[in-house]
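We count ligands from 1, going down the list as the structure has it; atoms in each ligand are counted the same way.
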Amino acid sequence: MTPRAIDLHTHTTCSDGTDTPTALITKAADAGLIALALTDHDTTAGWDEAAQAVGALDVDFTLVVGTEFSCVYVDPDGRRTGLHLLGYLFDREHVVLRAERARLRESRTGRAREMVDKLSAAGHGVDWERVSELAGGGSIGRPHIAHALVESGSAASFEEAFHGLIAKGSPFHVPKQDLEVLQALDLIRAAGGVPVIAHVLARTRGPVLSLEQIEHLIAAGLAGIEVDHPNHAPDDRALLRDLVDRHDLIATGSSDYHGDRKTTSLGCESTPPEMFGRLIESASGGEPIRSPGR
Ligand code: AMP
Ligand code: ZN
Ligand code: FE
Ligand code: FE
């Protein structure tokens, strides 16, 4: 781990991570991180608990609240590419953005249910009751289905599930009704937040945006790029760093920590302090939450 890491992309039990917000904050502070962003999928449900946990720390620590929005880029020919957009320090009461989060979560539930129905109809041991229990009322996603498949012996591992039964392109995969990314950029900005594109060149996950398409998003208000991410190859990090330099964007580095549902550890990637400072200064929808300190 980078000493005094600043990790700006993490998940909890409010979406598809395995640590509660309190456990996540405690772990981060114990591990020596100095700042963390909470970015559960399509929800702000963990914000209050995380803020409370930061209030109880006796070390210097800064929390930035955010959300990872499930988005889609639609090109002029109608081709759709899924992508994830991190929104930091936006006003969670912004009515339209709040309604979009609710719509995205509902879409997640419907699609997860459809995937589970298809899987079980084909004899793959997974049932809705167990999957929704694993989701625990939070934003439900494929990691919960993968978990149930591994538990029942229908998949040997998460990797096998993600590259087989529940991969994009599998007959059991059902897409979500994601948010059009240009609309997401406008809404996050309107709510005073800072939009940063997540793992945009994570090629092992499926089709990714072209550099021209990323530049289109920059022109449309993208503030930053998650350059350092465990799923980014060194060459792609260099491409993104060049893009950041040319457009004077915020470059972040983050683990995308999901607790036990992924092998990446907290703080395995980190954001430079000056970039973290710029991110905070760019926000008008909320302030970071600082621990009382020693
Ligand atoms: P969904 O948004 O429901 O389609 O599921 C995507 C989620 O699965 C994201 O949070 C990813 O971080 C996670 N994910 C993608 N690929 C893998 C993998 N190979 N192993 C574990 N988690 C993965
Ligand atoms: Zn996730
Ligand atoms: Fe993501
Ligand atoms: Fe994530």
With a 6.0 Å cut-off on ring centres, are His199 and His84 close enough?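 Yes: the rings meet the under 6.0 Å criterion.
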
Pair His9 and Tyr257, ring centroids less than 6.0 Å apart: no

Do [Y] and [X] meet the salt-bridge criterion of a basic N to acidic O distance under 4.0 Å?
X	Y	value
Arg261	Asp16	no
Asp242	Arg246	yes
Asp48	Arg92	yes

Path from Val208 to Ile197 over hydrophobic side-chain contacts below 4.5 Å: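 They do share one cluster, since a chain of ILVMFWY contacts under 4.5 Å joins Val208 to Ile197.
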
With a cut-off of 2.8 Å, which protein N/O/S atoms are close to the Zn ion (ligand 2), if we only count those under it?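 The answer is Asp16 OD1, Asp16 OD2, His41 NE2, His258 NE2.
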
Tell me which pairs pass ring-ring contact (aromatic ring centres under 6.0 Å, His included) where either residue lies in residues 87-134, with sequence neighbours left out. Trp47-Phe90, Phe69-Phe90, His124-Phe172

Using the ring-ring contact (aromatic ring centres under 6.0 Å, His included) rule, collect all pairs that involve residues 131-156, keeping only residues at least two apart or in two chains.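 Pairs touching residues 131-156 that pass the test: none.
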
Please work out whether the ring planes of His229 and His232 are parallel, tilted or perpendicular, with thresholds of 30° and 60°. tilted

I need the protein N, O or S atoms closer than 2.8 Å to the Fe ion (ligand 4), given as residue plus atom name.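 Near the Fe ion (ligand 4), the protein supplies His9 NE2, His11 NE2, Glu68 OE1, Asp256 OD1.
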
